[in-house]
Amino acid sequence: MDFLRRGFEQEGVDVSDDLLDEAVKNFNGVIGWLTYFGYNYARGLRSMDPIIDAAINMVLAEVRHFLETRGLGGSRYSEALKTISAMERCSWSEVKRRLEAKLGRIPDATLANILRNLMDYGLIVKVDDEYTIADPILRRAIKRI
């Protein structure tokens with residue numbers, strides 16, 4: 001909240017604590033998204049929903065491009081993202097079980113490669129041997145895939 005408050009002060013824009021709290025909750029404190037929100041709000045877009053929707057669409061375009069570059073394996077990547085997003089946090093074996101239930105057998109090495117690529121691209125993170133999607137906007141975008 002302090003980050004946003006200082007930014008709005010620098011821009012000469014008065015905002016309520018309720019708005020700052022809503023922004024922090026919606027963007028999960030991710031500095032990049034808070035900056036995006038602050039910039040758009042200060043430039044006159046004074047409603048949270050259109051700012052969030054624009055952010056989701058921006059991320060969705062990037063995720064779709066990533067999936068398209070995976071060729072035939074794109075469906076596996078897509079299902080891995082959906083699985084991790086739906087479960088909040090899940091283990092390697094949970095991802096494997098859910099993917100195989102939807103797509104059929106997946107070799108361990110293939111799944112390991114998928115998860116590594118998703119981490120390298122910054123779409124998922126591994127925390128305490130579980131995979132998660134830390135970015136709240138990305139989580140919302142994945143629901144639209």
Side-chain angles (χ1 to χ4, degrees), residues 1-8 13 15-145:
M1 284 182 63
D2 189 50
F3 172 80
L4 281 174
R5 187 176 289 113
R6 283 186 280 136
F8 283 124
V13 177
V15 294
S16 69
D17 284 345
D18 288 343
L19 177 71
L20 298 178
D21 188 49
E22 183 182 359
V24 170
K25 286 179 184 173
N26 277 299
F27 297 109
N28 199 25
V30 175
I31 295 297
W33 290 127
L34 292 174
T35 302
Y36 181 81
F37 164 75
Y39 174 83
N40 283 287
Y41 191 89
R43 299 297 175 271
L45 191 54
R46 300 295 168 106
S47 178
M48 184 74 66
D49 290 339
I51 296 172
I52 291 171
D53 199 47
I56 290 169
N57 287 332
M58 189 172 23
V59 171
L60 187 57
E62 186 175 333
V63 171
R64 285 184 173 147
H65 173 74
F66 172 82
L67 294 173
E68 288 169 4
T69 64
R70 301 301 165 222
L72 296 175
S75 62
R76 288 178 173 175
Y77 282 88
S78 178
E79 285 303 320
L81 285 171
K82 289 177 186 178
T83 295
I84 295 166
S85 178
M87 296 183 67
E88 294 252 345
R89 293 176 84 165
C90 55
S91 67
W92 187 93
S93 60
E94 289 170 322
V95 175
K96 182 171 174 69
R97 191 170 34 256
R98 287 184 177 236
L99 259 62
E100 287 186 336
K102 287 193 174 203
L103 303 174
R105 184 164 173 352
I106 297 174
D108 289 353
T110 299
L111 179 58
N113 189 44
I114 289 169
L115 294 173
R116 184 176 50 258
N117 288 337
L118 290 172
M119 285 189 294
D120 289 348
Y121 202 75
L123 297 175
I124 65 172
V125 294
K126 190 173 182 181
V127 178
D128 299 329
D129 291 328
E130 291 183 312
Y131 299 94
T132 190
I133 297 170
D135 185 327
I137 299 301
L138 174 60
R139 185 179 299 281
R140 287 181 175 188
I142 289 169
K143 291 179 182 176
R144 295 186 185 180
I145 294 176

Heavy atoms, side chains only, cut-off 4.5 Å: are Arg89 and Asp128 in contact? yes
Residue pair Asn28 / Pro136: nearest heavy atoms and the distance that separates them: CB-CG, 3.3 Å
How close do Ala42 and Phe8 get, counting heavy atoms only, and between which atoms? N-CE2, 4.2 Å
Taking 4.0 angstrom as the limit, do Arg116 and Asp120 come out as a salt bridge? no
Name all pairs fulfilling the ring pair (Phe, Tyr, Trp, His ring centres under 6.0 Å) condition that reach into residues 81-135, sequence neighbours left out, sorted by first residue then second. Phe66-Tyr121
Roughly how far, to the nearest 0.5 Å, is the CD atom of Glu100 from the OG atom of Ser93? 11.0 Å
Just verifying a value: how many Å separate Thr110 OG1 and Leu115 CG, rounded to the nearest 0.5 Å? 11.0 Å
Could you tell me which residues satisfy side-chain contact (heavy atoms from CB on, under 4.5 Å) with Asn26, sequence neighbours excluded, listed by chain and number? Glu22, Met48, Ile52, Arg140
Rounded distance (nearest 0.5 Å) linking atom CZ of Phe3 with atom CG of Leu20: 11.5 Å
Arg98, CZ: over 12 other non-hydrogen atoms inside 6.0 angstrom: no
Side chains of Val95 and Ile114: closer than 4.5 Å at any heavy-atom pair? no
Taking every non-hydrogen atom, the tightest pair across Leu81 and Ile133: O-CD1, 3.8 Å
Quick check for you: to the nearest 0.5 Å, what is the distance between Asn117 atom CG and Tyr77 atom OH? 3.5 Å
Shortest non-hydrogen contact from Ala141 to Val59? CB-CG1, 3.9 Å
Work out which heavy atom in Cys90 is nearest to a heavy atom in Ile84; give both atom names and the distance. SG-CG1, 3.7 Å
Using 30° and 60° as the class limits, which term best fits the ring planes of Phe27 and Phe37: parallel, tilted or perpendicular? tilted
Here the pair of heavy atoms bringing Leu99 nearest to Leu111 is CD2-CD1, 4.1 Å
Filter on side chain to side chain donor-acceptor pair (under 3.5 Å), then keep only pairs touching residues 42-53, sequence neighbours left out; what's left? Glu11-Arg43, Asp53-Arg144
Counting only heavy atoms from other residues, nucleotides and ligands, does the tally under 6.0 Å from OH of Tyr39 exceed 12? no
To the nearest 0.5 angstrom, please state how far the CD atom of Glu88 sits from the CD atom of Glu130. 11.0 Å
I need the Arg76 CZ to Thr83 OG1 distance, nearest 0.5 Å. 13.0 Å
